[in-house]
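Residue numbering restarts at 1 for every chain, and letters A, B, ... go by the order of the sequence lines.
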Amino acid sequence: MIYTILPPAYVAHLIHLAYLVSAACFILSLKWLSAVPTARRGVLIGVAGMALAVGGTLLDPTIEHYRYLAVAIVLGAMIGVPMALMPMTAVPQRTALSHAFGALAATLVGAAEYSLRLKSIDHFTMGALSLEVILGGLTITASLMAAGKLQEILPTRPMVFKNQNYVNLSVLGLALVIGGYLVFNPGAWLLFPVMVLLCLLFGVLLIMPIGGADMPTVLALLNSYAGLSASMMGFVLNNKLLIIAGALDGSSGLILSIIMCRAMNRSFSNVLFGAFGQVQVSAEAVEQKNYRSASAEEAADLLRTADSVVIVPGYGMAVAQAQHKVRELFDLLTKQGTKVTFAIHPVAGRMPGHMNVLLAEADIPYDNLLEMDDVNPEFPQTDVALVIGANDVTNPAARHDKSSPIYGMPILDVDKARTVMVIKRSMNPGFAGIDNELYYMDRTLMLFGDAKGFVGDLVKALPGD
Amino acid sequence: MSSEMISNLYVFVLATFLGIEVIRRVSPLLHTPLMSLTNAISAIAVVGALVIAGRAETTLSTVLGSVAVAAAMVNVVGGYLITYRMVSMFKKRGVKKS
């Protein structure tokens with residue numbers, strides 16, 4: 001092997017150099033991911049960085065048992081490949097699951113390190129190890145719970161019980177106290193599994209009150225935790241590559257969750273402890289208001305004469321798997337000379353950017369996908385705004401009704417378009433249970449039906465006679 | 001705290017700031033691929049797992065390390081593959097897929 005040619009000290013330097021180049025690759029990878037034209041290159045250099053890191057590590061002369069490693073690597077790859085081939089609608093669940101795998105790896109390494117070093121570990125390293133295991137442990141179960149809710153194996157409605165926040169915080173508090181105790185008494189090894197179990201329990205408790213609409217924020221937050229856990233592992237193992245890669249992941253998750261919170265005008269604590277989405281099934285629901293509905297033919301007539309159409313897709317479109325029918329509609333309208341754009345709210349879908357991926361998969365050009373701030377000034381000049389499966393992000397009450405739970409949330413100004421069409425199954429309020437005043441405007445036409453079926457009818461009716 | 005730990009802290013703080021600056025520039029269009037890419041990158045935990053499993057010091061550490069290698073490899077392989085799939089889907093106007 002290499003050690004017969006090179007002295008071990010050189011090999012150690014070689015490994016460090018490989019790690020340094022690998023860290024640079026990861027930073028370039030994220031930098032190139034910032035725009036579509038360079039994004040593929042970004043993924044490839046990320047792969048190169050990972051290959052260098054793994055290759056460098058395998059040079060480590062203290063690694064002697066390659067058999068276990070080969071089995072574990074093949075096994076991991078065998079699970080990883082099918083997880084990469086899931087349909088795009090399932091990407092949020094998949095992402096939650098992969099957070100769980102990442103956190104599991106960090107937690108297990110933490111536990112193994114502890115078992116090997118509990119007699120000689122110093123305070124600082126033990127502190128990092130405690131944090132690694134606490135963050136990792138809670139992320140494992142929280143991510144699994146989130147995946148279960150996204151896959152609808154678990155009820156998507158928030159699950160609440162009395163004094164929930166006190167119970168949750170005491171569980172976390174106890175885990176932190178044990179973690180702190182272990183820093184000064186690392187030999188008290190019986191407490192270690194107790195700490196892990198408390199964190200696993202806290203992960204479950206943390207996600208119980210979270211509703212589907214808050215999943216984008218929570219996924220981003222779990223992303224951050226998994227990254228920080230890996231970074232803490234870097235402190236334990238004295239490995240700067242791990243520290244850097246973990247910190248990149250941690251800051252990415254943090255930024256995304258801040259963006260998501262801002263897009264809903266809510267704070268972190270409100271998302272985590274507010275149990276949004278199970279509120280007000282209030283008296284208002286009884287009140288009858290008038291609305292206009294239209295058939296596919298009537299709607300198609302309006303679309304045929306429109307010069308500009310903005311389509312506003314929401315999670316309902318993804319649930320109904322309507323994106324390919326929407327593409328057909330897009331093609332027809334574009335062919336007749338109508339300008340068609342898509343208005344994407346930051347929290348549309350079940351994870352940050354989900355809607356863009358779904359539309360890109362349906363072959364809709366990405367330069368037609370507009371962000372909220374770019375599209376809002378366009379609405380007053382828009383002939384038809386077609387809302388498909390979006391609800392709360394179009395509710396004008398967010399702008400003026402101080403009593404509304406979504407007051408202050410930035411919305412798409414759909415109501416300013418000349419005609420508004422809303423494809424919806426029925427008049428039942430949406431996920432958050434909030435009635436949408438958009439539906440009762442004079443300019444609004446309600447198109448009742450399943451998103452996929454109704455868009456299909458529009459596509460059939462549009463060519464006219 | 002040793003000087004080694006201090007320098008680790010430096011690296012952590014600087015990497016966090018760098019991460020924030022780089023990631024702030026990522027277009028919202030690509031936030032989903034961003035999340036799966038950072039997920040794949042943080043699977044760098046595989047490095048720590050490889051060393052522990054490969055040294056095979058005790059049965060416990062070998063078992064924990066090997067499972068950790070497998071779990072991290074799921075993200076390495078799956079994370080990069082799905083990110084590549086996703087970013088390949090984004091096409092400009094007029095460029096039709098054959």
Side-chain angles (χ1 to χ4, degrees), chain A residues 26 30-31 33-34 36 39-40 43 47 50 53 57 62-63 65 68-69 72-73 75-77 79-80 83-84 95 98 101-102 104-106 108-109 111-112 115-116 124 223 227 230 233 235 237 240 242-249 251-252 255 352-354 356-357 360-361 365-367 371, chain B residues 1 5 8 11-12 15-16 19-20 22-23 25-32 34-39 41-45 47-50 52-57 60-61 64-78 80-84 86-87 89-93 97:
Chain A
F26 290 153
L30 289 172
K31 187 174 148 59
L33 194 79
S34 61
V36 177
R40 279 208 238 186
V43 180
V47 174
M50 186 60 74
T57 307
T62 61
I63 294 183
H65 301 262
Y68 300 120
L69 299 186
I73 288 174
L75 196 69
I79 306 171
M83 275 184 68
T95 307
S98 62
F101 276 115
L104 178 68
L108 291 178
V109 171
S115 77
L116 292 173
F124 180 83
N223 190 7
M233 187 203 283
F235 282 101
L237 302 176
K240 293 191 174 59
L242 276 173
I243 296 176
I244 294 171
L248 291 174
D249 193 18
S251 45
S252 156
I255 290 181
H354 190 200
N356 300 303
V357 172
E361 188 192 23
Y366 68 85
D367 27 7
E371 288 166 45
Chain B
M1 275 205 289
M5 288 163 188
N8 283 345
V11 169
F12 177 72
T16 305
I20 288 174
V22 172
I23 284 149
R25 284 162 224 261
V26 175
S27 151
L29 204 58
L30 294 174
H31 275 167
T32 295
L34 169 68
M35 216 185 231
S36 59
L37 183 70
T38 52
N39 196 272
I41 288 177
S42 78
I44 190 69
V47 165
L50 281 171
I52 286 185
R55 282 181 189 160
E57 285 177 63
L60 179 65
S61 76
L64 293 179
S66 302
V67 177
V69 169
M73 276 314 286
V74 172
N75 281 357
V76 170
V77 175
Y80 283 118
L81 205 57
I82 199 163
T83 313
Y84 193 77
M86 283 194 277
V87 297
M89 285 172 187
F90 286 88
K91 286 177 205 79
K92 255 190 139 66
R93 198 183 337 226
K97 197 175 68 173

Visitor: Evaluate the side chain to side chain contact (heavy atoms under 4.5 Å, CB included) criterion for residues B/V69 and A/Y68: first the C-alpha distance (whole Å), next the side-chain angles of each, then the deciding distance (0.1 Å), finally the verdict.
Guide: CA-CA 9 Å; B/V69 169; A/Y68 300 120; over 6 Å; no
Visitor: Please look at A/I255 and chain B and tell me whether the side chain, the backbone, both or neither of the residue comes under 4.5 angstrom of a heavy atom of that chain.
Guide: side chain
Visitor: Answer with side chain, backbone, both or neither: which region of A/M83 has an atom nearer than 4.5 Å to a non-hydrogen atom of chain B?
Guide: both
Visitor: Do B/M35 and A/P352 touch side chain to side chain, with heavy atoms closer than 4.5 Å?
Guide: yes
Visitor: Between CG of A/L248 and OG1 of B/T38, what distance do you get to the nearest 0.5 Å?
Guide: 9.0 Å
Visitor: Under 4.5 Å heavy-atom distance to chain B, tell me which part of A/N223 shows up: side chain, backbone, both or neither.
Guide: side chain
Visitor: With a 4.5 Å heavy-atom cut-off, do B/N39 and A/F101 have their side chains touching?
Guide: no
Visitor: Tell me, out of A/S115, A/G246, A/A112, who's got the most heavy-atom pairs with chain B below 4.5 Å.
Guide: A/A112
Visitor: Flag the one option from B/L30, B/V77, B/T83 with the top tally of heavy-atom pairs under 4.5 Å to chain A.
Guide: B/L30
Visitor: Enter the distance from B/F90:CZ to A/E361:CD here, rounded to the nearest 0.5 Å.
Guide: 10.5 Å
Visitor: Heavy atoms only, distances under 4.5 angstrom: which of A/L237, A/L75, A/D367, A/I244 has the most pairs with chain B? Name it, please.
Guide: A/D367
Visitor: Find the distance between CG (A/L33) and CG (B/L34) and round it off to the nearest 0.5 Å.
Guide: 6.0 Å
Visitor: Evaluate the side-chain proximity of A/M50 to B/Y80: yes if any heavy-atom separation is below 4.5 Å, no if none is.
Guide: yes
Visitor: Among B/E57, B/M73, B/M86, single out the residue with the greatest number of heavy-atom pairs under 4.5 Å to chain A.
Guide: B/M73
Visitor: Measuring heavy-atom distances to chain B, does A/S252 have an atom under 4.5 Å in its side chain, in its backbone, in both, or in neither?
Guide: both
Visitor: With a 4.5 angstrom heavy-atom cut-off, is it the side chain or the backbone of B/L37 that approaches chain A, or both, or neither?
Guide: side chain
Visitor: If you look at every heavy atom in B/G48 and A/M233, which pair is closest and at what distance?
Guide: CA-SD, 4.4 Å
Visitor: Quick one, A/F26 with B/I44, criterion side chain to side chain contact (heavy atoms under 4.5 Å, CB included). Give me CA distance, side-chain angles, the key distance, then yes/no.
Guide: CA-CA 10 Å; A/F26 290 153; B/I44 190 69; 3.9 Å; yes
Visitor: Do the side chains of B/P28 and A/E371 get nearer than 4.5 Å, heavy atoms only?
Guide: yes
Visitor: For the interface with chain A, which of B/A72, B/A53, B/S42 has the highest count of heavy-atom pairs at distances below 4.5 Å?
Guide: B/S42
Visitor: Taking atom CG of A/N356 and atom OG of B/S27, what is their separation to the nearest 0.5 Å?
Guide: 7.5 Å
Visitor: When only pairs under 4.5 Å are counted, which of A/T57, A/L104, A/T95 shares the most heavy-atom pairs with chain B?
Guide: A/T57
Visitor: Might you confirm whether atom OH of A/Y366 has over 12 heavy atoms from other residues, nucleotides or ligands at distances under 6.0 Å?
Guide: yes
Visitor: Shorter than 4.5 Å, heavy atoms on both sides: which option in B/V87, B/I41, B/V11 has the most such pairs with chain A?
Guide: B/I41
Visitor: For B/L60, is it the side chain, the backbone, both, or neither that has a heavy atom closer than 4.5 Å to a heavy atom of chain A?
Guide: side chain
Visitor: Quick check: does any side chain N or O of B/N75 sit under 3.5 Å from a backbone N or O of A/S98, one acting as donor and the other as acceptor?
Guide: yes
Visitor: For B/G19 and A/S251, work out which heavy atoms get closest and say how close.
Guide: CA-OG, 3.5 Å
Visitor: Are the side chain of B/T32 and the backbone N or O of A/G353 linked by a donor-acceptor pair below 3.5 Å?
Guide: yes
Visitor: Have B/R25 and A/S34 got a donor and an acceptor in their side chains that come within less than 3.5 Å?
Guide: no
Visitor: For B/A68, check side chain to side chain contact (heavy atoms under 4.5 Å, CB included) against everything at least two apart and list the hits.
Guide: A/A105, A/L108, A/V109, B/A49
Visitor: With side chains defined as the heavy atoms from C-beta onward, is the minimum distance between B/Y84 and A/V47 less than 4.5 Å?
Guide: no
Visitor: Which one of B/L29, B/V76, B/I20 has the most heavy-atom pairs closer than 4.5 Å to chain A?
Guide: B/L29
Visitor: A/A230 versus chain B, heavy atoms under 4.5 Å apart: side chain, backbone, both or neither?
Guide: side chain
Visitor: Please determine, among A/G227, A/A77, A/A106, the option with the most heavy-atom pairs under 4.5 Å with chain B.
Guide: A/A77
Visitor: Any side-chain heavy atom of B/I23 sitting closer than 4.5 Å to one from A/L30?
Guide: yes
